[in-house]
Amino acid sequence: MVSILPLKLSAASAHMHGKRLLGPVSLTLGQNGLTVVIGPNGAGKTTLLRLMHGLQRCSGGALSWAVPAAEARQRQAFVFQAPIMMRRRVIDSLAYPLRLRGIGKGEARAMARASAARFGLADLLESRAPLLSGGEKQKLSLARALIIAPEVLFLDEPCANLDGRATREIETLLLCERARGTRIVMSTHDMGQARRLAQEVIFMHKGVVHESGAAEPFFAAPDTPEAAAFINGDIVE
Amino acid sequence: MNLGWKTLIAAGLLASAGQAETMRMAVTTSFYNSGLSEILLPEIKLELGFDVELIVVGTGQALRLGAAGDVDAILVHARAAEEAFVSAGFGTHRREIMYNDFIFVGPPDDPAKLAEAKTAIAALQSIAMAEAPFVSRGDDSGTNKKELALWGEAGIAPEGAWYRAAGAGMGATLNTASGMNAYAFSDRASWLNFGNKGELSLLFAGDPALFNQYAYIPVNPARWPHVKNDLAMQLETWLTSEKAAGLINAYTIDGEQLFIFNATQ
Amino acid sequence: MSGYSEGFWGAWRLIFTFDPELYEIIFLSLQVTVSAVIIASVIGLPLGAWLAVNRFWLRRYVIAVLNALMGLPPVVVGLFVYMALSRAGPLGGFGLLFSPAAMIIAQVIIITPLIASLSHQSIRDLWAEYHDLLISMNATRAQRIRALLWDGRRALLTATLAGFGRAIGEVGAIMIVGGNIEHVTRALTTAIALETGRGNFAFAMGLGLVLIVLAIIINLAIHIIGKTERASTW
Ligand SMILES: Nc1ncnc2c1ncn2[C@@H]1O[C@H](COP(=O)(O)OP(=O)(O)OP(=O)(O)O)[C@@H](O)[C@H]1O
Ligand SMILES: [Mg+2]
C-alpha cells in the first residue's frame, strides 16, 4: 500500500470570521518519526493539527497528501485535548470506529477486547465511557484512535490534566506505537515530555511556524530568542 | 413488540372503516342531554339493524355539518333556519317529529317574582325590571335563538351587568346559573337531566309560546352523493312510526313526560 | 361541598367497579394518543436530528416556525383539520371526519412540532459534543444521525413523553374533528367536557382522576429519565 505521507503544507492558512488563526505555514511531514508541536497558549498548535487532519478548512495556500484527500482521511486518527466520550459503554465506544467501517459486531467487539487489554482497560469494558476518570478517558481516546491502525496519529495535548504516572503510561504506549511505524504528530505544554518523545519539533508563535527542525539541536541551541525563552520557561512576547 | 405497535396504529386508523352499517346524525345538545337517544338508539339498532352515530352540537353547527355533507341527517329545533336549509337544497325535506318545551329556572327566593308571571313575555319583563342576574347561553343555539326572539317580543334589549351571555352549551349555562344563583332559560329535558341543580328550581313553564318543535331533515343526496340517504329514509320512517310514538311519549324523568310526539303520517 | 365529595367518591366507585363505559373511553384515548405519538415521533425525531446536523439557510426559519407551531392553540388545528376533512373540504373524499383517524391526524399536527423542537434542542447539544469526533472518524451523514438518535435516546424519549402529555390532555381539536361520538370517538377529555356540561360530575371526575393519574405517571417518567440523563449516566 502506498503511504499517505508526505504531507505538504505550502503557505497554508486558516481564517475564522475574517480573523487569521494560522499561517501562512509551509512545512513537510516526512515518512517517519514523532513530531512535537510546542508554543505558548493561543500560538495556533491546535489549529495546525486540525488543519492537517482536515477538521479545519484551509482558507489560503494548499495542503496535500501523497494520495487523494478522501483516501488520506481514512488512514489517520485524532485524539482531542478534551476527550470526547460517546454515551456508550467502553467496549461499544472502542468498537464504534470499526462498526463505521462496516466491520461486523462480533469481530468489532473481539478487536475492542484485544485493544482494551493492551491499553489496560480490560476491567472497564462494561463501564460507561462518560463516567471514566480523566486518565482512563485519555487512554480510551488513544485506544479508540489506534483501533483502526492509522498511519498518522494526531494528538492534541494528550497528557494535559494527567498525573505523572498516567502521563508515563501514555508516553510508553506512544513510543510503542512509534516503534510500529505509526507517524505521530502531537502538541504538548510539557517540555520534559517534548524532550523525551520528540524526534522533530515545530515551535509555533503568533500563528506561524517560528522555528522547526530535529529535536536534539533544537533543545540544545534554538535559533530564535523566542524559542530559547519558551523552552527555558520564560514569558514569550 | 414491534408488531404490537403496528397493529395499534392500524387499529387506530381503521377503527372507523371497520363498521359497515352506520349513519351519522347531527343532533342538538338539548336533545342529547334529555337522554331520549339512549332509549331510541338501541331500538333502532334492533329493528333497523344499523348504528346511528350522534354528533352532538349546537343547532347552528348541526346545520353547517349537514350543508357540508358531513352527516346524513339532522335533528334540530329552529324552524326558520331549518326551512332556509331545505330551500337552499341542503336537505330533501323537513319532517316534524315531536316537541318539548322551554322553561325558566332560578333561585328559590325568586326576586323577580317569576312564579307569579302569566306569560313568558311577562316573565322576561319582570326579570329585566328587577335587573335580576340572568345567564343566557349566548351561543347561537336553537335555545339561544328562541330566548332572543322572546326578548324581542317583550320589547327589551337585554343588556347590563345582570345579563350574562355564557357562550356555552345548556349544561355549562345551567352550571353557571347554579353557581351564581341566577335565572336561566332552558329546555325541560336538559333541566330534568341536569345533575347539579344546586338551589335552582323550575319557576315558570306552560306558555304555548315556549313550545319547542323538533324536526328531522335528511341531507340531500343530489348535493352529496356519498350520504346514506337510504338509511336516513329508513330512520325517518321509524321515527314517525307508532313504535317511536310510544317510546317518545312514555319517556319520563322523575315522573315527568319530556316529549310529545306529533309527527303526521 | 357535598356535591364535591359525592362526585369524588362516585368517581372512585366507577374506577374500581371497572365501569365498562369508563374503560372504553380510557382505551380509546390511549389508542388515539399512542398512535399519534408514534406517528409524530417517526416524523418529529428524525426531523429534529436532521435540523440539528444540517446547516442550510432556511434552517433558522424552519426552527422558528416549529417553535411558533408548538404554541398553536389546538382548537385552531382542530378547525383546520375539520375544514380539510369535511366532505366539502379538499380531503373530504376519504370520509375520515368523525373517526379516530381524524383525531389521530389532529393530534399528530399538534404534537409533531413539539417533539421535533424538543428533540432538535437535545440533539443539537449532543451534536456539539460529538461533532469533531464523528467528523474525524469520517462518519457519513446517515451514520451521524443514527449515532445521535441512538445516544440521545433518553432525551428523545423525554420529548416523546412530553408529546404524549400534551396529546392525552387535549380537548379542543379532537372534539371538533372526532365529534365526541359515543363508543366511536369519545375520549377522556371530550367525555369530561360533555359530562360536566350535563352536570354529571361523578362520571366527569372519574375520568378526570384517570387523566390526572396518567399525567402524573408521564411527568414522573419524564422527571426520572431527565434526572438520570443529567447525572450523565445516560
Ligand atoms: N473557532 C475559533 N474562532 C475564533 N478564534 C479561534 C477559533 N479557534 C481558535 N481561535 C483562535 O485562534 C488562535 C489559536 O488557537 P489554538 O487553539 O490553535 O491555540 P493553541 O496553540 O492550541 O493554544 P493552547 O495552548 O491554549 O491550546 C487563538 O488566538 C484562538 O483564540
Ligand atoms: Mg490547543
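Reminder, nothing fancy here: chain letters follow the sequence lines and each chain counts from 1. Values reported hereafter were calculated over all heavy atoms of this structure, with side chains retained and with hydrogens, waters and symmetry mates removed. All values reported here derive from a predicted model rather than from experimental measurement.
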A:Arg50 and C:Asp132: side chain to side chain contact (heavy atoms under 4.5 Å, CB included), yes or no, with the steps?
-> CA-CA 10 Å; A:Arg50 291 172 62 91; C:Asp132 284 353; 2.8 Å; yes
May I ask you to check whether over 12 heavy atoms, not counting those of A:Asp123, lie within 6.0 Å of atom CG?
-> no
Does the side chain to side chain contact (heavy atoms under 4.5 Å, CB included) test come out yes or no for C:Asn138 and A:Gln76, once each step is laid out?
-> CA-CA 10 Å; C:Asn138 275 311; A:Gln76 42 178 308; over 6 Å; no
Between A:Arg88 and C:Trp150, does a side chain to side chain contact (heavy atoms under 4.5 Å, CB included) hold up when you go through it step by step?
-> CA-CA 10 Å; A:Arg88 300 181 180 207; C:Trp150 180 247; 3.7 Å; yes
A:Leu100 backbone acceptor or donor facing C:Gln143 side chain under 3.5 Å = yes
Any side-chain heavy-atom pair of A:Arg87 and C:Tyr130 under 4.5 Å | yes
Nearest 0.5 Å please: distance from the OH atom of A:Tyr96 over to the CG atom of C:Asp151.
-> 7.5 Å
Contacting region of A:Phe80 [heavy-atom separation from chain C under 4.5 Å] | side chain
Between A:Met85 and C:Glu129, is any pair of side-chain heavy atoms under 4.5 Å apart?
-> no
Validation row: C:Met137, A:Ile148 side chains within 4.5 angstrom (heavy atoms) = no
Distance from A:Ile84 atom CD1 to C:His131 atom NE2, nearest 0.5 Å?
-> 10.0 Å
Where is the tightest heavy-atom contact between C:Ser136 and A:Arg73, given as atom of each residue plus distance?
-> O-NH1, 3.8 Å
Above 12 or not: heavy atoms from other molecules or residues under 6.0 Å from CE of C:Met83?
-> no
Is atom CZ of A:Arg118 surrounded by more than 12 heavy atoms (other residues, nucleotides or ligands) closer than 6.0 Å?
-> yes
Just wondering, are more than 12 heavy atoms of other shown residues or ligands nearer than 6.0 Å to CZ in C:Phe94?
-> no
Give a yes or no on this: more than 12 heavy atoms of other residues, nucleotides or ligands lie within 6.0 Å of atom CZ of A:Arg101.
-> yes
Is the CZ atom of C:Phe56 crowded by more than 12 outside heavy atoms at less than 6.0 Å?
-> yes
Just wondering, more than 12 heavy atoms not from C:Arg59 lying within 6.0 Å of its CZ?
-> yes
